[in-house]
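Counting convention: from 1, in listed order, for ligands and their atoms alike. Position 1 is the first residue of the sequence; numbering continues from there.
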Amino acid sequence: MNFVLHGASVSSGITIGHAHLVSTALLEVGHYEIAEDSIEDEIARFNVAVGRVRDEFAAVEAHIPPGSPAEFGAMINVHRMILEDSTLSKVPPALVRERRCNAEWALVQQMERLVEQFESIDDPYLRERKADVEQVVERVLKALMGTDTPPAPQLAEEKNLIVVAHDLAPADMILFKRHHFGGFVTDVGGVTSHTAILARSLGIPALVGLHHGRNVIREGEQVIVDGVQGVLIVDPDPLVLREYQLRQSQLEIERQKLKRLRTTPAATLDGTPIELFANIELPQDIAQVLEAGAEGVGLFRTEFLFLNRKDLPGEEEQFEAYRDVAQSMGSRPVVLRTLDVGADKALHGDGHVMPNPAMGLRAIRYCLAEPQMFLTQLRAILRASTHGELRILLPMLVHPHEVDQALALLRQAKQQLDERGISYAGSIPIGGMIEIPAAALALPIFMRRLDFLSLGTNDLIQYTLAIDRADDAVAHLYDPLHPAVLQLVARTIQTASRAGTPVAVCGEMAGDLALTRLLLGFGLRNFSMHPTQLLAIKERVLKTDLAQTRTLAQRVLRSDDPGRIRDLIAKLNA
Ligand code: PEP
Ligand code: MG
């Protein structure tokens, strides 16, 4: 059946491929239709699997070693009760009959419903029982997959696969970097969530906020991700398909044309040079940075080295990663941001329980609370500093004493290296991220202490507008053009420039083509963005009349009417 879903585009372009359903519960199950006359067989398959798990429980119970803790027997009992409860043993077969879907899919659907119910329970003990439900479901799934599973539709090559998920954590996304998928779509998430940022860094079309995609799309179904319009077309008819194939090849021609600008210096029409830097998450992203001809790395999000693992990377491992990046960039600067963990980038087994993680122990706050971890990173950075042009960037600053404490720890790290007879660069510029309104409003206290600033507009918008950047329920309120945001951005650029403090923008606004001229008009001369956006931004810079841009940008700042602001920006981009 042909239908269209609307979402928010996080990465432009068009891709045509086949859906690959991914579950965040780590339960990757297919979704396919069962023929009318196979429904009873499918239900029988489910019942056999439940019976198999029942036998497994009985066998485990019969062999509990004497002297084992009482909780062990109790846990088996709880699991057996969950298995026998009609919500798990009777509802999935009913779903198979009603929706003509495969048993695995019916089971996971029902599990997600149950887990949701558990999550709304106030009692923390009962709430945690959702993990037991997931474990029992996992066992039944394994048993199901061990039975004669009807063959799922043949999957296409990886580059033609479109990942369809309810939600993906940044840690999941970073794993996808190893693959070559054709596109991503998720039901939830905001356009500047870290997951979306990673999808953008892959340079493939991606949409978030589809709401029900994961439930209505089937494994292997043909889909078109239109990142230009923000729509997903499921099972397109031949005419629509042909039209999209045409548009796709036109976009590819434009992309190839942009490549010619790789070595052209970025400057506005009057010859004002503009620095275009790139953002990276992992050392292997450097290949893309070099391909785009970036003049430096403006943001290395080092925390991604710390995700998807049970242990923390040690000094040696971190040193090698930072050294590799520094060496690959040669004399071009690399801005290494110190760990920004916490919030949606939690470390494995992190013991800090926070009621409101985005406002809790995140970034510099986390590092100052864990000085040994921070010192290890600082030593690794210092050691790598002799291999290139490293700069250090401190995230999420609010208080001047956070800078003072970080600088004291940096001195301590140097001392530790001195004692070991290890050398480091004589002077490493230290900068701070301006991403909390308080820091933007109290800029001089940071300029006095730091060598450069970088505007993290993703968080600056989140904290100015009180919009969780990862929450699609409020994504429509997340607005880079809100007059308060524009005032803070323009004011920071102007105050820093007047004082001679270098200032960059490294949030997603820097890679947004619609905002390039506005930022140039505010006085910005250093942009840091995903390498995939760099050449398009360069093309826009090359065609910009700075004087005219300045005048229009001032008019934007004087306006507090959203409609007028949008009109002026359209004029800027005309
Ligand atoms: C930002 O907040 O704009 C930023 C660049 O940092 P991150 O997206 O990693 O929070
Ligand atoms: Mg940030």
Considering the heavy atoms of Cys506, write down every atom of ligand 1 situated less than 4.0 Å from one of them.
5 (C)
Short list, please: which atoms of ligand 1 are under 4.0 Å from a heavy atom of Arg301?
4 (C), 5 (C), 6 (O), 7 (P), 8 (O), 9 (O)
Check: of Leu393, Asn458, Ile436, Asp340, min heavy-atom distance to atom 3 (O) of ligand 1 comes from Asn458
Is there side-chain contact between Glu435 and Pro395, with at least one heavy-atom pair below 4.5 Å?
yes
If we check side-chain contact (heavy atoms from CB on, under 4.5 Å) with Ile493, which of these qualifies: Leu488, Leu453, Leu455?
Leu455
Side chains of Gln318 and Tyr322 only: does a donor on one sit below 3.5 Å from an acceptor on the other?
yes
Testing the 3.5 Å rule here: is there a donor-acceptor pair between the side chains of Arg517 and Thr544?
yes
Which bit of Gln462 gets closer than 4.0 Å to ligand 1, counting heavy atoms only: side chain, backbone, both or neither?
neither
For the Mg ion (ligand 2), find the closest N/O/S atom on Glu435 and give its atom name.
OE1
Output, in order, the C-alpha distance, side-chain angles, deciding distance and verdict of salt bridge (charged side-chain N to carboxylate O under 4.0 Å, His left out) for Arg262 and Glu291.
CA-CA 8 Å; Arg262 192 180 160 271; Glu291 206 181 298; over 6 Å; no
With heavy atoms only and a cut-off of under 4.0 Å, state how Met396 meets ligand 1: side chain, backbone, both or neither.
neither
Subset of ligand 1 atoms that lie under 4.0 Å from at least one heavy atom of Arg469
2 (O), 7 (P), 8 (O), 10 (O)
List every atom of ligand 1 that sits less than 4.0 Å from any heavy atom of Gly456, numbering the atoms from 1 in the order shown and giving each element.
1 (C), 2 (O), 3 (O)
Can you list the atoms of ligand 1 that are under 4.0 Å from a heavy atom of Ile197?
8 (O)
When the ring planes of Phe181 and Phe184 are compared, do they come out parallel, tilted or perpendicular, using 30° and 60° as the limits?
perpendicular
Answer whether the closest heavy-atom distance between the side chains of Pro333 and Phe277 falls below 4.5 Å.
yes
Does some non-hydrogen atom of Met509 fall short of 4.0 Å from ligand 1?
no
Under a 4.0 angstrom heavy-atom cut-off, which atoms of ligand 1 come close to Arg362?
10 (O)
Please list, in number order, the atoms of ligand 1 under 4.0 Å from a heavy atom of Asp459.
1 (C), 2 (O), 3 (O), 10 (O)
Write the atom name of the N, O or S atom in Asp459 that is nearest the Mg ion (ligand 2).
OD2
Is there a polar contact between ligand 1 and Glu303, counting only N or O atoms under 3.5 Å apart?
no
Answer with side chain, backbone, both or neither: which part of Met529 has a heavy atom less than 4.0 angstrom from an atom of ligand 1?
neither
Distance in Å, Thr268 OG1 paired with Lys543 NZ, rounded so as to fall on 0.5 Å steps
14.5 Å
Flag the pair Leu486 / Leu518 as yes when at least one side-chain heavy-atom distance between them is below 4.5 Å, and no otherwise.
yes
For ligand 1, which atoms have a heavy atom of Glu435 less than 4.0 angstrom away?
1 (C), 2 (O), 6 (O)
The answer for which part of Leu299 has a heavy atom under 4.0 Å from ligand 1 is side chain
Does Glu281 have a non-hydrogen atom less than 4.0 Å from ligand 1?
no
